[in-house]
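Single-structure report; data block below.
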Amino acid sequence: MTGRLFAVVGPSGAGKDTLIALARQRLPLHVVRRVITRPEEAGGEPFEGVTEAEFARRREAGDFALQWEAHGLCYGIPAAELSALDAGRDVLFNGSRGALPLAEARFPAGGDPRHRADIGAGGAAGGARPRDPR
C-alpha cells in the first residue's frame, strides 16, 4: 500500500507551521523533519541544521528526495523521511511553491487538482483558497 504525500506551502508568516502542528496532533500522518542550512538554534519548526558543505555532500550522495534553495538557504527533504509512504502512511512536509513542479513530477498525485489549496499572505485562517485547476 502507498501513502499520500502532502506539501504545505505559502509565504513566511502565512500559518504553515500552525497548520502542520495541528495536522500532527489530529491526523495519523508522518511529518517530515527537513534539513536546512541554518543553525538549529534559529528556532521555528523542528529541523536538522547543517552547514552548506554538509548539505552539498548529502545532495551529491543522493540523500534528498527533494531539495531547493530559497531566501539564501538550502532546504532538503531526506529520502529516508518518505519511507513511511511505502508503509501506507500519509506524509506531510513544509515545502516551497518554487519546488512544487519538481515534487509533482517526482511524486505524481493524480486525483482532482481542486483539492489543492494555496495559503496566501492573509494567513491560514483568512488566506486559504482553492487552487484554480486550469
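Treat the numbers as computed from the prediction; the structure is a model and nothing was measured.
For the atom pair CG of L19 and CZ of F6, the computed distance is 13.5 Å after rounding to the nearest 0.5 Å. Interatomic distance, L29 CG to F93 CZ, rounded to the nearest 0.5 Å: 13.0 Å. Atoms CG and CG, on L66 and L82 in that order, are 7.0 Å from each other to the nearest 0.5 Å. Atom-to-atom distance recorded for E45:CD and R33:CZ is 9.5 Å, nearest 0.5 angstrom.
Annotation for V32 and E81: closest pair CA-OE1, 3.5 Å, computed over non-hydrogen atoms. Annotation for V31 and I20: closest pair CG1-CG2, 3.6 Å, computed over non-hydrogen atoms. Nearest heavy-atom pair across P46 and R24 is CG-NH1, 4.3 Å. The heavy-atom pair separating H30 from A84 by the smallest distance is CB-CB, 4.1 Å. Of all non-hydrogen atoms in G95 and V9, the two that sit nearest each other are C-CG1, 3.5 Å.
A ring-ring contact (aromatic ring centres under 6.0 Å, His included) check over residues 49-74, counting only residues at least two apart or in different chains, returns the pairs F55-F64, W68-Y75.
Salt-bridge annotation for E52 and R38: absent, with no side-chain N of the basic residue lying under 4.0 Å from a carboxylate O of the acidic one. Contact check on R57 versus E60 returns no salt bridge, with no Lys/Arg side-chain nitrogen under 4.0 Å from an Asp/Glu carboxylate oxygen.
Within the 3.5 Å criterion, the main-chain N or O of D86 finds no donor-acceptor partner in the side chain of T2. Without hydrogens or angle criteria, D90 side chain to R4 main chain gives a donor-acceptor distance under 3.5 Å. Although no hydrogens or angles enter the test, the distance criterion places a donor-acceptor pair under 3.5 Å between the side chain of R34 and the main chain of N94.
Clustering ILVMFWY residues whenever any of their side-chain heavy atoms sit less than 4.5 angstrom apart, transitively, puts L27 in the very cluster that holds L92. A chain of hydrophobic side-chain contacts below 4.5 Å, direct or via other Ile, Leu, Val, Met, Phe, Trp or Tyr residues, connects I77 to V91.
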Decide yes or no on salt bridge (charged side-chain N to carboxylate O under 4.0 Å, His left out) for R97 and E104, but give the supporting numbers first. CA-CA 11 Å; R97 288 177 288 176; E104 289 175 335; over 6 Å; no
>> What verdict does the side chain to side chain contact (heavy atoms under 4.5 Å, CB included) test give for V50 and I36, after you've listed the backbone C-alpha separation in whole Å, the side-chain angles of each residue and the deciding distance to 0.1 Å?
In response: CA-CA 6 Å; V50 298; I36 307 173; over 6 Å; no
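D17 is linked by a salt bridge (charged side-chain N to carboxylate O under 4.0 Å, His left out) to nothing, counting only residues two or more places apart in sequence or in another chain. Listed by chain and residue number, nothing satisfies the salt bridge (charged side-chain N to carboxylate O under 4.0 Å, His left out) test with E69 (two or more places apart in sequence, or in another chain).
At least one side-chain heavy atom of P78 sits under 4.5 Å from a side-chain heavy atom of V35. Residues T18 and K16 fail the side-chain proximity criterion, which asks for heavy atoms closer than 4.5 Å.
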